[in-house]
Each structure stands twice: as C-alpha cells, then as structure tokens.
Amino acid sequence: MSAAESSYHRAFPVKGGDFAKAGNAACEIKELLKDIGLDTPTVRRAAIVAYEAEMNVIMYAWEARMDLTVSPDEVHLVVDDRGPGIPDVELALTEGYSTATAEMRELGFGAGMGLPNIKRNADVFAIDSEVGRGTRLDIIIRKNGHVPS
Ligand SMILES: Nc1ncnc2c1ncn2[C@@H]1O[C@H](COP(=O)(O)OP(=O)(O)OP(=O)(O)O)[C@@H](O)[C@H]1O
Ligand SMILES: [Mg+2]
C-alpha cells in the first residue's frame, strides 16, 4: 500500500440462514489480504476470525455487516449483527458451549469453538451483545503480532 492509501476499507453484508453462501465473505477477505501482500500468519489468523464470525451470523443472527479495515499495522474487523443477541456472553465464550441445532451439527458446526477461536487469534477482542437487538464483535489482528500458541 502506498502512503496515499495507507488504509483500505471494505464492507461485506452477510445474511442469516444463508448456508449456500456460508464462508463467502471470509473467503473474499482472505484473498483480499493475500493480494494486498500481508504475511501468511496474519492472513491465516484474519481468515479464521472472519470465517467463525461469518458462520455465527449465518447460524444465529438475521443479518450483519462485516467491516474490514487494513491499515499499515493491523487488520481491523467489526462484525455488527441484527439478531437475538447472546444472553450470557461469558458462557458463549466457553469452549464447547453451543446452542447449534441438530441440523447445524450434521453440517459439522456446533463444536462451540468459534468464539474461543476468534478470541485466541485476535490481539484485541471485544464483544458487545444485547438480547433482542444483536451482537457486535470488534477484532484487531496486528501484523507481525504474536502468533497465538
Ligand atoms: N452472532 C451471534 N448471535 C447470537 N448468538 C450467538 C452469536 N454468535 C455466537 N452465539 C452463541 O454463542 C454460542 C457459541 O458460539 P461459538 O461460535 O463459540 O460456537 P458454535 O457456533 O455453537 O459452534 P462452532 O463455532 O464451533 O461451529 C453459539 O452456540 C450461540 O448460542
Ligand atoms: Mg460458531
């Protein structure tokens, strides 16, 4: 990126329940970050975070906007959904906790690892949820930041 365009931004809409398009936004984000020339570990972490966040919108929310901003030092992803919200955020962040339906589990989802994985791969992670309104994830991945173990 040149100094004149030191920050890149793009928004991706995601529709709840749209399993046919599951992972499309995350895939585009991954390709985009590769094209920009980001290092492989950062691309990998951002792709995991984007995929898990996108799948949660598809499985649990009605719709969302994923906002990707790439600046010289970091990748910033905000996922703001309109949906049922999460009544107990701490519980939702617990490994293995899932409210996935039998159908979702048949598709291979519902291990209860999405949010813990997002948190593990983020350098900064914030989750804000309101029952009856929706959930907002705010994630920063620093380029060449520490690679989580
Ligand atoms: N955007 C969201 N809106 C409403 N509830 C959510 C949202 N994201 C997560 N949850 C709730 O938090 C739980 C845990 O989410 P997490 O992503 O960790 O696991 P999962 O989606 O159930 O399974 P996995 O991600 O491993 O396929 C979900 O089962 C769901 O109850
Ligand atoms: Mg999930």
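Atoms within a ligand are numbered from 1 in the order they appear, just like the ligands themselves. Note: hydrogens, waters and symmetry copies are ignored here, and every other heavy atom, side chains too, is used.
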(request) Might you point out which heavy atoms bring A64 and D81 nearest each other, and give the distance in Å? (result)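 That closest heavy-atom pairing would be CB-CB, 3.5 Å.
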
(request) Identify the two heavy atoms, one from M59 and one from M104, that lie closest to each other, and give their separation to 0.1 Å. (result)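 Reported closest heavy-atom pair: O-CE, 3.2 Å.
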
(request) Supply the atom-to-atom distance E52 CD to M55 CE, rounded to the nearest 0.5 angstrom. (result) 8.5 Å

(message) Per the salt bridge (charged side-chain N to carboxylate O under 4.0 Å, His left out) rule, what does the pair list look like for residues 64-73, sequence neighbours excluded?
(response)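 Matches after skipping sequence neighbours: R65-D67.
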
(request) Please collect all salt bridge (charged side-chain N to carboxylate O under 4.0 Å, His left out) contacts where either partner lies in residues 88-103, sequence neighbours excluded, each pair once. (result)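 Qualifying pairs: none.
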
Sub-3.5 Å pairs, protein N or O with ligand 1 N or O:
from	atom 1	to	atom 2	distance (Å)
ligand 1	1 (N)	D81	OD2	2.8
ligand 1	8 (N)	N56	ND2	3.4
ligand 1	17 (O)	N56	OD1	3.0
ligand 1	17 (O)	N56	ND2	2.9
ligand 1	17 (O)	L115	N	3.2
ligand 1	18 (O)	G114	N	3.3
ligand 1	18 (O)	L115	N	2.9
ligand 1	21 (O)	N56	OD1	3.0
ligand 1	21 (O)	Y60	OH	3.1
ligand 1	22 (O)	Y60	OH	2.8
ligand 1	22 (O)	S98	OG	2.5
ligand 1	23 (O)	G110	N	3.4
ligand 1	23 (O)	A111	N	3.4
ligand 1	23 (O)	G112	N	3.0
ligand 1	25 (O)	G114	N	3.1
ligand 1	26 (O)	A111	N	3.2
ligand 1	26 (O)	G112	N	3.0
ligand 1	26 (O)	M113	N	2.9
ligand 1	27 (O)	G110	N	2.8
ligand 1	29 (O)	Y60	OH	3.1
ligand 1	29 (O)	T99	N	2.8
ligand 1	29 (O)	T99	OG1	3.3
ligand 1	31 (O)	T99	OG1	2.5

(message) I need the protein N, O or S atoms closer than 2.8 Å to the Mg ion (ligand 2), given as residue plus atom name.
(response) N56 OD1

Answer whether the closest heavy-atom distance between the side chains of [X] and [Y] falls below 4.5 Å.
X	Y	result
K30	V43	yes
V79	N56	no
T99	Y60	yes

(message) Check this for me: R105, atom CZ, are more than 12 non-hydrogen atoms of other residues, nucleotides or ligands nearer than 6.0 Å?
(response) yes

